[in-house]
Amino acid sequence: MVEVFLGREALRDGLSRHELRRWYRSVFRGVYVPKNATLSLADRAFGAWLTTNRTGVIGGVAASALHGAEWVDHHEMIEVLVQEKRRQSGLIVRMDRLAEDEIDRWGELPITNPARTAFDMGRHLNRSTAMARLDALLRAKHFDVCDVESLLRRYGAVRGARQLRDLLPLVDAGSASPKESWLRLLLIDGGLPVPQTQIPILDGDFPTAFLDMGWRKIKLAVEYDGDQHRTDRRQYVKDLRRLPLLASLGWEVIRVIAEDRPAEILARVREAFEGRGGLEIDEMAPFSRTFAA
């Protein structure tokens, strides 16, 4: 971990102001690091804690990353919960109420526990981003949805509570990327039944492949082809070779790429769903409340 410290404490311990200016740079108010240091998200979270005079608690997406959630860029803004709000560049500062039983420790750094982290992300982030972050947190470190619901009861009608209540039943650790979470939410909001994730395709008693999401009863799968399918030749070849196997077992796979428009995705999936004998779906709008046209 990079050396991260409060300037006033270093001056008190004997560092001169000249040395502080020459060899270190400020990252947050009163917080310094070596000039050429490359900071990790954990380094920046530690600095954010220091700038609150060690009274704040790291929360939100940064806390989820420290709990092990993937897909968090190390430049992500740090969210910190404090008693006295002072705006500061590079930080999301919140004065939300916080109980002692909602705090964990990452080393000496106080961070919100998984349930409280989910409680905050599900309220403060936009709907699709919140879904992806909740899925990633559950995948990394299991949290009990009942614990999050108890926080909703504890704090009542707080901002974003309705969105959080809507998303909690949909959280799924089987989503292996933010785009898979996005796609799953698109299908649900488009009127389709909640799809199962990571569907195993068995060769005898052993799984030979896993499908991103779909409906096992009608053997319809939907998969998101991300950048790894374009840049990882081995993965690309593996995916192509399993398609004949899936077809021989009666599966239809709809592949989605970044360039596909939400309305087009919904139309393709709906047509396949109904064509394979799925329950008839009410007429779907060309876009949903989550994904505008």
query = If you take all heavy atoms of L211 and A221, which pair is closest and at what distance?
reply = CD1-CB, 3.7 Å
query = For the residue pair W106 and A42, what are the closest heavy atoms and their distance?
reply = CH2-CB, 3.6 Å
query = Is any side-chain N of the basic residue among E252 and K219 closer than 4.0 Å to the acidic one's carboxylate O?
reply = no
message = Can you tell me how far apart CD (Q83) and CG (D96) are? Round to the nearest 0.5 Å.
response = 12.5 Å
task = Inspect the contact between D101 and R154 and indicate whether a charged nitrogen and a carboxylate oxygen are less than 4.0 angstrom apart.
result = yes
request  = Check whether any side-chain heavy atom of L20 sits under 4.5 Å from a side-chain heavy atom of Y32, and report yes or no.
outcome  = yes
Over all atoms of both residues, closest heavy-atom pair of A45 and L66 = CB-CD1, 4.3 Å
query = What about M121 and L81, same hydrophobic cluster or not, with Ile/Leu/Val/Met/Phe/Trp/Tyr joined at side-chain heavy-atom distances under 4.5 Å?
reply = no
query = Do H124 and R94 have side chains that get closer than 4.5 Å, going by heavy atoms?
reply = yes
request  = Going by the side chain to side chain contact (heavy atoms under 4.5 Å, CB included) test, name the single residue among L192, V256, I265 that passes it with L186.
outcome  = I265
task = Consider only side-chain heavy atoms of I, L, V, M, F, W and Y, link residues closer than 4.5 Å, and tell whether F46 and F5 are in one cluster.
result = no
query = Distance-only, no hydrogens or angles: does the E223 side chain make a donor-acceptor pair with backbone N or O of D212 under 3.5 Å?
reply = yes
D104/R116 salt bridge by N-O under 4.0 Å criterion = no
message = Before you tell me yes or no, could you show the steps for E271 and R276 under salt bridge (Lys or Arg N to Asp or Glu O under 4.0 Å), namely the whole-Å CA-CA distance, both residues' side-chain angles and the distance that decides it to 0.1 Å?
response = CA-CA 9 Å; E271 181 180 4; R276 297 183 70 84; over 6 Å; no
query = Within the side chain of R123, is there an N or O that forms a donor-acceptor pair under 3.5 Å with the backbone of R159?
reply = yes
query = Is there a donor-acceptor pair under 3.5 Å between the side chain of Q88 and the backbone N or O of R29?
reply = yes
message = Applying a strict under-4.5 Å side-chain criterion to I, L, V, M, F, W and Y, I'd like to know whether L15 and V33 cluster together.
response = no
query = Could you give the distance from CG (L220) to CZ (F273), rounded to the nearest 0.5 Å?
reply = 7.5 Å
Atom pair CG (D120) and CZ (R133), whose distance is rounded to the nearest 0.5 Å = 14.0 Å
inquiry  = Can you confirm whether M213 sits close enough to L187 that some side-chain heavy atom of one is under 4.5 Å from a side-chain heavy atom of the other?
reply    = yes
key: Heavy-atom side-chain contact between Y24 and E3 under 4.5 Å   = yes
ask   = With a 4.5 Å heavy-atom cut-off, do L134 and L170 have their side chains touching?
value = no
task = Using modelled atom types only, decide if a donor and an acceptor are shared between the side chain of Q163 and the backbone of L125 within a distance under 3.5 Å.
result = yes
message = Pair T55, W49 - check side chain to side chain contact (heavy atoms under 4.5 Å, CB included), show working.
response = CA-CA 7 Å; T55 62; W49 177 57; over 6 Å; no
query = So, the side chain of D43 versus the backbone of S40: is there a donor-acceptor pair under 3.5 Å, distance only?
reply = yes
inquiry  = Has R261 got a side-chain atom pairing as donor or acceptor with E264's backbone, closer than 3.5 angstrom?
reply    = no
remark   = What one should report as the nearest heavy-atom pair of P114 and L137 is O-CD2, 3.6 Å
key: Test item: D172 side-chain N/O and G174 main-chain N/O as donor-acceptor pair under 3.5 Å   = yes
Side-chain (R44) to main-chain (H74) donor-acceptor, under 3.5 angstrom = yes
task = Please lay out, stage by stage, how R184 and M131 fare under the test side chain to side chain contact (heavy atoms under 4.5 Å, CB included).
result = CA-CA 9 Å; R184 193 178 84 256; M131 186 82 272; 3.7 Å; yes
message = Under a 4.0 Å threshold between the charged nitrogen and the carboxylate oxygen, would K35 count as salt-bridged to E19?
response = no
task = Check whether any side-chain heavy atom of T38 lies under 4.5 Å from a side-chain heavy atom of V2, and answer yes or no.
result = no
message = Whether the N126 and T129 side chains hold a donor-acceptor pair (N or O, under 3.5 Å, no angle test) is what I'd like checked.
response = yes
query = A130 and G122: which non-hydrogen atoms are nearest, and at how many Å?
reply = CB-CA, 4.1 Å
query = Are M1 and L109 in one and the same hydrophobic cluster, where Ile, Leu, Val, Met, Phe, Trp and Tyr link if side-chain heavy atoms are under 4.5 Å apart?
reply = yes
key: Between CG on residue L50 and CZ on residue F28, distance to nearest 0.5 Å   = 10.0 Å
inquiry  = Count I, L, V, M, F, W, Y as connected when their side-chain heavy atoms are under 4.5 Å apart, and connections chain through other members. Are I111 and I78 then in the same cluster?
reply    = yes
message = Could you check whether any side-chain N or O of W251 sits under 3.5 Å from a backbone N or O of I218, counting only pairs where one atom can act as donor and the other as acceptor?
response = no
task = State whether the side chain of E79 and the backbone N or O of I92 hold a donor-acceptor pair below 3.5 Å, judged by distance alone.
result = no
ask   = Any salt bridge between D135 and R139, counting N to O under 4.0 Å?
value = no
ask   = What are the two closest heavy atoms between G156 and A161, and how far apart are they?
value = O-CB, 4.3 Å
inquiry  = Are V57 and V80 packed together at the side-chain level, in the sense that at least one heavy-atom pair is separated by less than 4.5 angstrom?
reply    = no
CZ/R17: more than 12 non-hydrogen atoms of other groups inside 6.0 Å = no
task = Indicate whether any N or O donor in one side chain lies under 3.5 Å from an N or O acceptor in the other, for T117 and S64.
result = no
note = Value for CG (L39) from CG (L41), rounded to nearest 0.5 Å, stands at 10.0 Å
task = Might you work through the side chain to side chain contact (heavy atoms under 4.5 Å, CB included) test for R8 and L6, ending with a clear yes or no?
result = CA-CA 6 Å; R8 68 171 185 275; L6 284 169; 3.8 Å; yes
Check ion pair R268-D260 (N to O, under 4.0 angstrom) = yes
inquiry  = What's the separation between atom CH2 in W71 and atom OG in S175, rounded to the nearest 0.5 Å?
reply    = 11.5 Å
task = For side chain to side chain contact (heavy atoms under 4.5 Å, CB included), just list the numbers for L151 and E102, CA-CA rounded to whole Å, side-chain angles, deciding distance to a tenth of an Å, and then say yes or no.
result = CA-CA 9 Å; L151 292 178; E102 300 164 21; 3.5 Å; yes
key: Side-chain heavy-atom pair W215, V222 within 4.5 angstrom cut-off   = yes
